[in-house]
Colleague: 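After the structure tokens below, expect a handful of questions from me.
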There are 2 protein chains.
Amino acid sequence: MKKKTIDINTHERILTSAKKIFYLKGLDGARMQEIADEANINKAMLHYYFRNKEALFDAVFAEATGNILPQVSELLNAEMPLLEKISYFTDKYITILSENPLIPAFIIKEMNNNPERFFKIFNEKIRLKPAVFIKQIKSAVRNGIIKPVDPLQLFLNMISLCIFPFLARPMIMNVFGMNDDDFRKFLNKRKKEIPVFIINSIKI
Amino acid sequence: MKKKTIDINTHERILTSAKKIFYLKGLDGARMQEIADEANINKAMLHYYFRNKEALFDAVFAEATGNILPQVSELLNAEMPLLEKISYFTDKYITILSENPLIPAFIIKEMNNNPERFFKIFNEKIRLKPAVFIKQIKSAVRNGIIKPVDPLQLFLNMISLCIFPFLARPMIMNVFGMNDDDFRKFLNKRKKEIPVFIINSIKI
DNA sequence: GTCTATATTCCGATAGAC
DNA sequence: GTCTATCGGAATATAGAC
């Protein structure tokens, strides 16, 4: 088995390590040495596979957004009645986030740190389009299925309620004295309670 | 007018500039040079007034948390019936955040970057205590004023709905094509809609 | 492809004159 | 208190042997 056969694995290992470090510390806080250590390779290899730190970061960022946002779009555009969709979305969305618990804070951080770079990538490749879902809410209001609400506000309510726990996780665990398992249970409970909370509010 | 008379102003000017830079870029992303430029002074002065970068950051951090969190505690512990308090809290909280729109992202960023440092300061000095409010919710459930809900979940719903727009502001403005004025109007509308949304959900 | 050694850049911090 | 000049360390990046 020649060393050359390792390259794809190395490439993958670097990306995996880079994700871990960048997600936790951000572009500015991450150290190339730390990423190399985490991947059990030499620092020079990072530059061999990815030109420089920024290129490595872009790869990580592309994976973070390119992985999650299409899934969210798909949930939003699923064809089903609104009330059913709210439950469906909440449940699936929190599940997705639970599998990628560090990504929300990562996105928020990088978006606020450097909006230009963020939206350059975001608007080119990814593009989140809630237009269909917004229309569905409008239609439900018009047809008397739900109370008259501002569709944008309702949409943001859904998103806020799902994402916030992942952003504030350390604070929540600290203030309410939770350990990892407590927090996991808390999320599972929340998965069920959010749709009840929303639907109770808007149903007629 | 001697130069010596300027020192308090300089101290203040440094803090103001440091806040601006640290809020936007975080501890890691901020440059001492940038803070000095912003304050129109020399880099060496930063070290004269504040020992080093960390000390300057600590001062900024202390102001950020020490300014906002006590106000929030006060809102939470205000003496009034629950439903009224929900409206009161939402309105005042969003007003406070509007005056300090960068602080939420700053807190989330630093808390996730370095939880140890964060909670060392947080637990010593500030301490957020929602216990009284949680009890009030429990009591309202017991007395049949609101539907049976998990107090912790309801509390986090309130917080999530208020804070999230400030965290996701660039994204919201981008996706929905808002300018600064649009966003300001959006927040004012939200201030009124959040309590309606919550109370509709839990009232009997 | 992988490594060691080294170059280069950047940035926080200090020395010392005024 | 304020400035200029500079040091010293750290981190990114590259050269070059294997």
Colleague: Is any side-chain nitrogen or oxygen of B:T10 closer than 4.0 Å to OP1 or OP2 of D:dG1?
Modeller: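 Indeed not, no polar side-chain atom of B:T10 lies that close.
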Colleague: Using OP1 and OP2 only, check whether a side-chain N or O of B:Y48 sits under 4.0 Å from C:dA13.
Modeller: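 Answer is no, no contact under 4.0 Å.
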Colleague: If I take atom CG in residue A:N52 and atom C1' in nucleotide D:dA11, what distance separates them, rounded to the nearest angstrom?
Modeller: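 Distance, rounded to whole Å: 13 Å.
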Colleague: Any idea which of D:dG1, C:dG1, C:dT4 is nearest the B:M45 side chain?
Modeller: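 Closest of the options to the side chain of B:M45: D:dG1.
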Colleague: Counting only side-chain N and O atoms of B:H47, is one of them less than 4.0 Å from OP1 or OP2 of C:dT14?
Modeller: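 Looking at the OP1 and OP2 atoms of C:dT14, neither is under 4.0 Å from any side-chain N or O of B:H47.
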Colleague: For a quick check of understanding: with a heavy-atom distance under 4.0 Å over all strands, which category does B:A36 fall into, base, sugar-phosphate or nothing?
Modeller: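 No contact at all - B:A36 keeps every heavy atom at 4.0 Å or more from the nucleic acid.
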Colleague: Nearest to the B:Y49 side chain among C:dA15, C:dT2, D:dG1, which nucleotide is it?
Modeller: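 Side chain of B:Y49 sits closest to D:dG1.
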Colleague: Give me the one residue out of A:L83, A:I194, A:L82 that meets side-chain contact (heavy atoms from CB on, under 4.5 Å) with A:I199.
Modeller: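 Result for side-chain contact (heavy atoms from CB on, under 4.5 Å) with A:I199: A:L83.
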Colleague: Starting from C1' on D:dT14, measure out to CZ on A:F50 and report it in whole angstrom.
Modeller: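 Spelled out: CZ on A:F50 to C1' on D:dT14 is 18 Å.
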Colleague: How many Å lie between CZ on A:R51 and P on D:dA13, as a whole number?
Modeller: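 Nearest whole value for this atom pair: 9 Å.
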Colleague: Among C:dC3, D:dG1, D:dT12, find the nucleotide with the atom closest to the side chain of A:K53.
Modeller: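 The listed nucleotide nearest to A:K53's side chain is D:dT12.
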Colleague: What is the nucleic acid contact for B:M32, judged by heavy atoms within less than 4.0 Å: base, sugar-phosphate only, or nothing?
Modeller: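 Sugar-phosphate only.
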Colleague: Taking atom NZ as the centre, does A:K147 end up with more than 12 heavy-atom neighbours from other residues, nucleotides or ligands that are less than 6.0 angstrom away?
Modeller: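 Atom NZ in A:K147 is crowded, with more than 12 foreign heavy atoms closer than 6.0 Å.
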Colleague: Could you check B:N42 against A:K43 and say which one's nearest nucleotide on DNA chain D is further toward the 5' end?
Modeller: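 Mapping each residue to its closest nucleotide by heavy atoms, the 5'-most match is B:N42.
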Colleague: Is the number of heavy atoms from other residues, nucleotides or ligands under 6.0 Å of A:K25 NZ greater than 12?
Modeller: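 No, the 6.0 Å shell around NZ holds no more than 12 heavy atoms from other groups.
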Colleague: May I ask you to say what A:A55 touches in the nucleic acid, namely base, sugar-phosphate or nothing, with a heavy-atom cut-off under 4.0 Å?
Modeller: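 The residue A:A55 makes no contact with any strand.
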Colleague: Tell me the closest heavy-atom pair linking B:P170 and A:N112, and the distance in Å.
Modeller: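 That closest heavy-atom pairing would be CG-OD1, 3.6 Å.
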Colleague: May I ask you to verify if any side-chain N or O of A:R31 is less than 4.0 angstrom from the OP1 or OP2 atom of D:dA10?
Modeller: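 Answer no for this pair, as no side-chain N or O of A:R31 is under 4.0 Å from OP1 or OP2.
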